[in-house]
Undergrad: 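Right, I'll just put the structure down here and ask away after.
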Amino acid sequence: MSNTNDLINRINDTYSRLSKGQKMLASYITDNYDKAVFLTAAKLGEVVGVSESTVVRFAMHLGYKGYPEFQSALEEVVRSKLNSMQRMEVTYGRISQSGILETVLKSDAQKIQSTLEKLDDNAFELAVDTILHAKSIYIIGIRSCAPLAGFLAFYFTLMFEHVHLLSTSSSSEIFEQMVRIGREDVIIGISFPRYSMRTLKAMEFANNRSAKVITLTDSVHSPMNLYSSCNLIAESDMASIVDSLVAPLSVINALIVALCMKKQGEVAQTLEMLEDVWDEYQVYENDEINYIDDSIRMRYGKVGDITIHE
């Protein structure tokens, strides 16, 4: 369910029509959702004092296909209300240590698949075209989104002349870096729950200056979309202390590849120039691994007065 309050709304809307046993379930779930989320239908019925079939009928009465779908909706409610550690326990608390790797990777794969199904192709093409024709490109991502913004800016710098990565700890400094933004420019704001007010203010400022605004966020209901003319939606998950941002990163990769295809000649020329610069100034001389005769030769510089040999 996209709306995390959907389950609670359904309970409130149907409460007057529920049977006595179902009302007992509704009351228990509303007051103890953080406990109910861990219970099977049989166990929930036992705790409340009703039969398992009453629990299943209650879920279906609320409009869910069965108890598993109802429990998924309950998990969404819990994730929206609990703190990070509690959310992690809800999602991963029933998984053994040995199953964490498989569970997390499969969950990330599902988020990419879901993003692929939901992302608007027209919005993606509009983003590509807008970026391609912008005079200057501004990119902002705060907290856990900062690495995404940095990754995007790194590759955009290879393709475009005027790329500005906004990285700061205060709104005033952000505005100072954006003081020249105008109608020929674009800003790309990246933000996922918990949303960044600084990112939102930056996009508001850009919008007021008639610049194009592109957002990469998790939902059409995201506050990040207030000032944007192009919304890229990628599924994320705040189920743990580590945000799942693999789907947003995939969308960023797609943007980079799409723009590279549009600017193949210029990108190739830039990379060739960089190769010459790297060779001339031996940029990687002390920071590379060469594969020679099936062995790895690692080149090190001096550490203090000691030279480390291969």
Side-chain angles (χ1 to χ4, degrees), residues 105 108-167 177-178 181 184-192 196 199 202-203 206 211-219 222 224-225 228-237 242-278 283-284 287:
L105 265 62
D108 282 347
Q110 289 171 358
K111 290 178 182 63
I112 293 175
Q113 181 61 41
S114 178
T115 297
L116 178 61
E117 294 170 356
K118 296 177 182 178
L119 188 63
D120 186 346
D121 289 341
N122 292 329
F124 181 81
E125 292 300 327
L126 176 60
V128 170
D129 187 66
T130 301
I131 295 167
L132 190 64
H133 293 95
K135 180 179 178 181
S136 293
I137 302 168
Y138 294 80
I139 302 171
I140 183 169
I142 304 295
R143 296 195 298 271
S144 62
C145 293
L148 295 179
F151 183 86
L152 182 61
F154 174 82
Y155 284 99
F156 272 19
T157 302
L158 300 178
M159 291 184 274
F160 302 98
E161 288 187 25
H162 304 291
V163 178
H164 308 275
L165 176 61
L166 307 178
S167 55
Q177 295 174 59
M178 297 174 61
I181 195 169
E184 296 181 280
D185 306 323
V186 63
I187 184 171
I188 303 170
I190 306 171
S191 189
F192 291 82
S196 166
T199 301
M203 292 191 292
K212 307 294 190 304
V213 180
I214 297 172
T215 60
L216 177 58
T217 190
D218 68 316
S219 168
S222 167
M224 295 299 116
N225 296 331
S228 66
S229 53
C230 180
N231 306 325
L232 300 178
I233 307 300
E235 189 167 334
S236 69
D237 189 6
V242 180
D243 305 346
S244 176
L245 296 174
V246 292
L249 181 57
S250 288
V251 174
I252 287 173
N253 279 338
L255 270 178
I256 293 169
V257 172
L259 287 161
C260 275
M261 296 300 291
K262 297 279 189 179
K263 297 172 66 71
Q264 288 185 57
E266 295 168 66
V267 172
Q269 186 177 6
T270 300
L271 291 176
E272 287 174 5
M273 181 180 66
L274 282 173
E275 288 288 350
D276 292 339
V277 171
W278 293 334
V283 171
Y284 291 114
D287 187 30

Undergrad: Can you confirm whether more than 12 heavy atoms, excluding those of E161, are under 6.0 Å from its CD atom?
TA: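 For E161, atom CD is not crowded (no more than 12 foreign heavy atoms under 6.0 Å).
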Undergrad: Run through I256, I112, I233, T115 and flag the one making a side-chain contact (heavy atoms from CB on, under 4.5 Å) with V251.
TA: T115
Undergrad: What is the minimum heavy-atom distance between N253 and F151, and which atoms define it?
TA: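 Looking at all heavy atoms of both residues, the closest pair is OD1-CE2, 3.2 Å.
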Undergrad: Identify the two heavy atoms, one from A202 and one from M178, that lie closest to each other, and give their separation to 0.1 Å.
TA: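 Result for this residue pair: O-CE, 3.2 Å.
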Undergrad: Between S222 (side chain only) and D218 (backbone N and O only), is there a donor and an acceptor less than 3.5 Å apart?
TA: no
Undergrad: Could you state the interatomic distance from CD1 (I137) to CG (L152), rounded to the nearest 0.5 Å?
TA: 8.5 Å
Undergrad: May I ask you to decide if A211's main-chain N or O and D185's side chain share a donor-acceptor pair within less than 3.5 Å?
TA: no
Undergrad: Tell me yes or no: between the side chains of S191 and T199, is some donor less than 3.5 Å from an acceptor?
TA: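 No, because no side-chain N or O of S191 sits under 3.5 Å from a partner of the opposite role on T199.
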Undergrad: With rounding to the nearest 0.5 Å, note down the distance linking OG in S219 to NZ in K118.
TA: 9.0 Å
Undergrad: What distance separates L119 CG from N231 CG, expressed to the nearest 0.5 Å?
TA: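 Rounded to the nearest 0.5 Å, the CG-CG separation comes to 10.5 Å.
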Undergrad: Could you state the interatomic distance from CE (M159) to NZ (K262), rounded to the nearest 0.5 Å?
TA: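 Output value for this atom pair is 13.0 Å.
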Undergrad: To check you understand the geometry: which heavy-atom pair defines the closest contact between C230 and A123, and what is its length?
TA: SG-O, 3.0 Å
Undergrad: Let me confirm one number: the CD1-NZ distance from I187 to K212, rounded to the nearest 0.5 Å.
TA: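 Reported value, rounded in 0.5 Å steps: 13.5 Å.
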Undergrad: List the atom of M224, the atom of T215, and the distance in Å for their closest heavy-atom pair.
TA: O-CG2, 3.0 Å
Undergrad: In terms of ring plane angle, is the pair F156 and F160 parallel, tilted or perpendicular, where the classes change at 30° and 60°?
TA: perpendicular
Undergrad: Check P248 against L216 and note the closest heavy-atom contact, atom names and distance.
TA: O-CD2, 3.9 Å
Undergrad: Could you state the interatomic distance from OG (S250) to CG (L116), rounded to the nearest 0.5 Å?
TA: 9.5 Å
Undergrad: Can you find a heavy atom in the side chain of M203 that is under 4.5 Å from one in the side chain of S228?
TA: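 The answer is no; the side chains never approach within 4.5 Å.
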Undergrad: Do you know the tightest heavy-atom contact between A206 and I181?
TA: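 Nearest heavy atoms, A206 then I181: CB-CD1, 3.7 Å.
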Undergrad: Is it the case that more than 12 heavy atoms not belonging to F124 sit under 6.0 Å from its CZ atom?
TA: yes
